[in-house]
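Below is one structure, written out as structure tokens, with a few remarks after it.
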Amino acid sequence: MNKGQEFWELVKKSTGFGPNWDNINHITKIDPEKGLSSSDLEYLEGTDAVMVGGSDGVTAENTAEVLELLDDTDIPVILEPYSGEHVVGGNGKTNNFSASDYTAVASVWNGNEENFKGKHEQFFGSELPAVKQELYNEIESMVGDGLTGRAAKNIAGRGLDNKLLREAYIVQNPESAVAELTEATEPVDSETVGQIAGAVENFFDNFDILYIEYSGMYGDPEDVEAAAEMLEDTTLLYGGGISSEDQALEMLDSGADTVVVGDSFHEDPEEYRDTQV
Ligand code: 1GP
């Protein structure tokens, strides 16, 4: 692809309107630390989208390696970084921001306060402007004098906004890496899950996603029911411990819009195939 084509690809990707959740029931979460090989790609045929992210050992480089392989597929790719470096960086060949369709910014509701507020201050106050600047530089280097600085800035800003997905997380497995990272040591009961969902839907209405996260263990469908009752516009994701079709269906029947499967894909791809609903 030459620079001009790259530029228009970037514009095309930048002007989308978010994923069509009606077509996304099953997401595979690929942990860059665990990696992906080309022989794994065939297993992804039945999934509707992939998320690329983890809570430990993720770098800009290992993220780029996964994105590079996914570029050969038509599956929508959502980057889920826990650091701005995973968005701005790459491996010299692949730029992570350009190589993904969306970037999801996770905000853990029941983590510690520093994580909840500090994450936003850091991401929206310094990392996001840095990503915008990076994107602006990228656009400018592609088109040279063909576009004024202001136009390139507008495209960069709009592109970034359209690619961002805001995710509210409720972390329910205190033993998980994400719980350790965000100090989410206090799981909440189903009634509280419903209350959080009500706040996310009605007050913090910039959130695209509410994610009930049981990473590493199969969770309580009552949490999903309680959240689903409160949500209309916000998309409800359930992830954690799914290793069979029955489990995936149970969470979808309980009201999740989409189930997310991680460990099963990395650990037992044949078993994982069964979760694709
Ligand atoms: C992790 O919710 C995802 O963020 C998936 O969980 O790895 O337990 O499938 P598992």
Side-chain angles (χ1 to χ4, degrees), residues 19 21-22 24-29 48-49 51 53-55 78 80 82 104-117 119-120 165-265 272 274-277:
W21 291 108
D22 290 345
I24 302 179
N25 296 320
H26 184 279
I27 289 181
T28 304
K29 191 172 285 192
D48 304 315
M51 284 178 134
S55 301
I78 302 168
E80 198 188 43
Y82 66 74
V105 182
S107 171
V108 176
W109 198 277
N110 58 334
N112 71 7
E113 198 178 64
E114 173 49 28
N115 183 273
F116 189 76
K117 290 199 301 199
K119 181 77 185 277
H120 289 77
L165 300 175
R166 288 104 175 144
E167 275 185 310
Y169 257 80
I170 305 175
V171 174
Q172 294 287 62
N173 177 7
E175 306 297 320
S176 61
V178 59
E180 193 177 329
L181 182 73
T182 62
E183 293 179 35
T185 48
E186 303 280 341
V188 296
D189 60 23
S190 296
E191 192 187 341
T192 309
V193 169
Q195 290 166 346
I196 294 170
V200 168
E201 169 79 20
N202 295 296
F203 187 66
F204 295 93
D205 63 356
N206 265 333
F207 279 114
D208 301 281
I209 294 167
L210 176 65
Y211 193 134
I212 299 178
E213 171 67 290
Y214 272 89
S215 180
M217 72 181 270
Y218 188 64
D220 186 349
E222 280 185 23
D223 286 2
V224 175
E225 275 171 34
E229 262 179 44
M230 304 301 287
L231 299 180
E232 207 171 308
D233 295 331
T234 310
T235 299
L236 180 59
L237 266 55
Y238 168 83
I242 292 181
S243 60
S244 69
E245 183 182 12
D246 284 351
Q247 289 173 331
L249 288 175
E250 182 173 38
M251 290 303 177
L252 291 171
D253 289 345
S254 302
D257 295 299
T258 303
V259 291
V260 185
V261 182
D263 284 349
S264 173
F265 171 72
Y272 153 82
D274 190 41
T275 71
Q276 294 177 344
V277 285

Heavy-atom pair of closest approach, residues Asp189 and Thr192 | OD1-OG1, 2.6 Å
Any luck finding a side-chain donor-acceptor pair between Tyr272 and Thr28 under 3.5 Å?
-> yes
Roughly how far apart are Thr258 OG1 and Leu237 CG, rounded to 0.5 Å?
-> 5.0 Å
Heavy-atom side-chain proximity of Thr235 to Trp21 below 4.5 angstrom | yes
What pairs with Phe204 under ring pair (Phe, Tyr, Trp, His ring centres under 6.0 Å), at least two apart in sequence or on another chain?
-> Trp109
Could you give the distance from CD (Glu201) to CG (Leu236), rounded to the nearest 0.5 Å?
-> 10.5 Å
Heavy-atom nearest pair, Ser254 first then Ala228, reads O-CB, 4.0 Å
Has the side chain of Asn110 got a donor or acceptor atom that lies under 3.5 Å from a matching backbone atom of Ile170?
-> no
Of all heavy-atom pairs between Val171 and Ala184, which one has the smallest distance, and what is that distance?
-> CB-CB, 3.7 Å
Could you walk me through whether Asn173 and Glu213 pass the side-chain contact (heavy atoms from CB on, under 4.5 Å) test, one step at a time?
-> CA-CA 7 Å; Asn173 177 7; Glu213 171 67 290; over 6 Å; no
Is a donor on one side and an acceptor on the other found under 3.5 Å between the side chain of Thr234 and the backbone of Leu210?
-> no
Measure the OG1-CG distance between Thr275 and Asp246 for me, rounded to the nearest 0.5 Å.
-> 11.5 Å
Check: Ser243 main-chain N/O paired with Gln247 side-chain donor or acceptor under 3.5 Å | yes
Nearest atoms (heavy-atom pairs only) where Ala248 meets Val259 | O-CG1, 3.8 Å
Verify, without hydrogens or angle tests, whether Glu225 (side chain) and Gly255 (backbone) share a donor-acceptor contact under 3.5 angstrom.
-> no
Separation between CG (Leu165) and CD1 (Ile78), nearest 0.5 Å, reads 6.0 Å
In terms of heavy-atom contacts, Val224 and Ala256 come closest through CG1-N, 3.4 Å
Point-to-point distance, once rounded to the nearest 0.5 Å, from CG of Asp257 to CD1 of Ile27 | 10.0 Å
Rounded to the nearest 0.5 angstrom, the CG-CD1 distance for Asp263 and Ile242 is 11.5 Å
Minimum-distance pair of heavy atoms, taken over all atoms of Val188 and Val193 = CG2-CG2, 3.7 Å
For Tyr214, all residues meeting side-chain contact (heavy atoms from CB on, under 4.5 Å), sequence neighbours excluded = Gln172, Ile212, Met217, Asp220, Asp223, Tyr238
Distance-only side-chain donor-acceptor flag, Glu80 / Tyr211, under 3.5 Å = no
With a 4.5 Å limit on heavy-atom distance, are the side chains of Glu167 and Met51 in contact?
-> yes
Do Pro221 and Met251 touch side chain to side chain, with heavy atoms closer than 4.5 Å?
-> yes
